[in-house]
Peer 1: 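Here's a structure for you.
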Amino acid sequence: MAENRTATLTIDGKEYALPILSPTEGPDCIDIRKLYGQADVFTYDPGFTSTAACDSTITFIDGDKGILTHRGYPIEQLAERSHYLEVCYLLLYGELPSAAELEKFETTVTRHTMIHEQMHNFFRGFRRDAHPMATMVGVVGAMSAFYHDSLDINDPRQREIAAYRLIAKMPTIAAMAYKYSIGQPFVYPRNDLDYAANFLHMCFAVPAEPYDVNPVLARAMDRIFTLHADHEQNASTSTVRLASSSGANPFACIAAGIACLWGPAHGGANQATLEMLRQIGTPENIPDFIAKVKDKSSNVRLMGFGHRVYKNFDPRAKVMKQTADEVLELLGVHDNPLLQVAQELERIALQDDYFIQRKLYPNVDFYSGIILEAMGFPTAMFTPIFALARTVGWISQWKEQLADPQLKIGRPRQLYLGESLRDYIEIENR
Ligand code: CMC
């Protein structure tokens with residue numbers, strides 16, 4: 001971060017020199033930290049469209065070129081040649097592990113997969129028809145009531161244990177939320193299975209008969225986890241960072257991230273996309289649907305399309321589409337009607353001026369629901385799967401933030417447009 005260049009801001013004829021920070025990749029950042037003290041002005045940027053809220057060494061996105069890297073490695077290579085737990089290690093520690101480091105990491109994660117037995121009662125307090133995301137927000141927040149020995153954020157060892165616990169237990173919690181919603185008994189984790197295969201086992205096994213995990217589906221599940229592992233300062237990650245900046249415990253911070261992810265503009269888009277594809281039903285209905293999307297008064301959006309950062313193809317969407325083809329082929333589904341609608345919708349949208357002018361392309365959520373549905377997941381489970389996969393990203397960013405000696409509580413300012421000072425009026429005089 002070289003600071004030898006400055007930008008000059010002139011306010012009412014007075015000049016202020018603002019340092020320019022140079023990143024390894026991406027646009028320069030104008031450092032405005034001292035601006036308020038010097039010039040008595042705030043900067044105004046609702047939605048943070050031009051604001052870098054932190055520095056980070058974890059993930060980089062070039063939205064114009066459609067590039068996503070973790071610790072410098074392109075997502076395509078990680079999805080193709082690595083696997084989820086190795087990517088977790090990379091995100092958490094900054095480098096790819098040696099064989100011994102990976103084995104130790106995988107063993108430690110595997111040994112933390114069970115949840116405190118008393119938490120089962122906590123699940124049972126929810127209505128059976130609760131959305132699994134509602135259950136996850138509650139249960140992950142409640143981890144702070146069960147794991148008192150990993151709440152001290154100032155103790156690096158406790159931070160480490162909290163990270164392991166969250167990464168290891170999130171699939172168990174998501175699978176239990178699912179089992180509870182369909183009235184089936186909870187299935188305990190199996191530590192002889194890998195991370196993705198164990199998740200499929202906990203979701204689809206029943207005590208009454210054996211369940212063999214299909215290795216191709218387990219690989220596809222692992223790839224979906226990898227594609228969702230981190231995405232720099234998105235809304236849920238920024239929520240985790242903001243929550244953590246006050247010193248809140250890790251479980252509370254991740255629960256906050258899950259709550260933010262749930263919205264349809266963010267992680268909830270995978271569920272919303274599949275519901276949209278179902279609603280469209282057949283390719284003949286696409287032109288009417290597109291007309292509605294373009295009619296601003298309709299408030300209808302093409303879900304799974306568009307992104308704040310990508311103004312090109314989301315590289316995750318390309319891998320996801322390829323994975324959808326592989327899974328449907330394996331399952332012998334050659335004429336999936338939803339896939340046909342999705343492909344035609346993508347074809348039409350990419351040729352339409354509305355989408356071209358606004359640089360709207362398919363994002364990670366456009367094809368993920370088709371794969372997850374083909375694997376047997378109900379739509380309500382799509383966002384919990386996103387949440388469990390993103391947990392490592394949240395935790396890595398949380399760890400990075402807490403290690404920063406300059407950490408300050410996040411406290412944005414505002415452009416106040418309300419009433420100026422006025423006197424209270426007694427009720428009888430109003
Ligand atoms: N369908 C129709 N129009 C859209 C869409 C869409 N999906 N996305 C953006 N636009 C239009 C928007 O109406 C606006 O048009 P105009 O300039 O005429 O007012 C323009 O494109 C810019 O949109 P914006 O809302 O200012 O862009 P944003 O960066 O604030 O929003 C977004 C990004 C992801 C919230 C948005 O593209 C969207 O709502 N997409 C659908 C939901 C979705 O798929 N979300 C998943 C994102 S990827 C996974 C994740 O991050 O969780």
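In what follows, residues are counted from 1 in the order of the sequence shown. All ligand and atom numbering here is 1-based and tracks the order in the structure. FYI, side chains are in, hydrogens and waters are out, and symmetry mates aren't considered; it's all heavy atoms of this structure.
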Peer 1: Ignoring hydrogens and angles, state whether a donor on the side chain of Thr273 or Asp365 is under 3.5 Å from an acceptor on the partner side chain.
Peer 2: no

Peer 1: Return the orientation label for the Phe305 and Phe366 ring planes: parallel under 30°, perpendicular over 60°, tilted otherwise.
Peer 2: perpendicular

Peer 1: Check whether any side-chain heavy atom of Met202 lies under 4.5 Å from a side-chain heavy atom of Met176, and answer yes or no.
Peer 2: no

Peer 1: Could you tell me how the ring of Phe204 sits relative to the ring of Phe377: parallel (under 30°), tilted (30 to 60°) or perpendicular (over 60°)?
Peer 2: tilted

Peer 1: Would you please classify the geometry between the Phe126 ring and the Phe122 ring as parallel, tilted or perpendicular, with 30° and 60° separating the classes?
Peer 2: perpendicular

Peer 1: Flag the pair Lys292 and Asp295 as a salt bridge only when some basic side-chain nitrogen lies within less than 4.0 angstrom of an acidic carboxylate oxygen.
Peer 2: no

Peer 1: For ligand 1, find each of its N or O atoms that sits under 3.5 Å from a protein N or O atom, and tabulate the pairs with distances to one decimal place.
Peer 2:
from     : atom 1 : to     : atom 2 : distance (Å)
ligand 1 : 1 (N)  : Leu302 : N      : 3.0
ligand 1 : 3 (N)  : Tyr354 : OH     : 2.8
ligand 1 : 7 (N)  : Leu302 : O      : 2.8
ligand 1 : 7 (N)  : Phe305 : O      : 2.9
ligand 1 : 13 (O) : Lys296 : NZ     : 2.7
ligand 1 : 13 (O) : Arg301 : NH2    : 3.4
ligand 1 : 15 (O) : Lys296 : NZ     : 2.9
ligand 1 : 15 (O) : Arg358 : NE     : 3.1
ligand 1 : 18 (O) : Lys296 : NZ     : 3.0
ligand 1 : 18 (O) : Arg358 : NE     : 3.0
ligand 1 : 18 (O) : Arg358 : NH2    : 3.0
ligand 1 : 25 (O) : Arg301 : NH1    : 3.1
ligand 1 : 25 (O) : Arg301 : NH2    : 3.0
ligand 1 : 29 (O) : Arg308 : NE     : 2.8
ligand 1 : 30 (O) : Arg308 : NH2    : 3.0
ligand 1 : 39 (O) : Arg301 : NH1    : 2.9
ligand 1 : 40 (N) : Phe305 : O      : 2.9
ligand 1 : 44 (O) : Gly304 : N      : 2.9
ligand 1 : 44 (O) : Asn363 : ND2    : 2.9
ligand 1 : 45 (N) : Ala265 : O      : 3.0
ligand 1 : 51 (O) : His266 : ND1    : 3.3
ligand 1 : 52 (O) : His266 : O      : 3.2
ligand 1 : 52 (O) : His266 : ND1    : 2.6
ligand 1 : 52 (O) : Gly267 : N      : 3.4

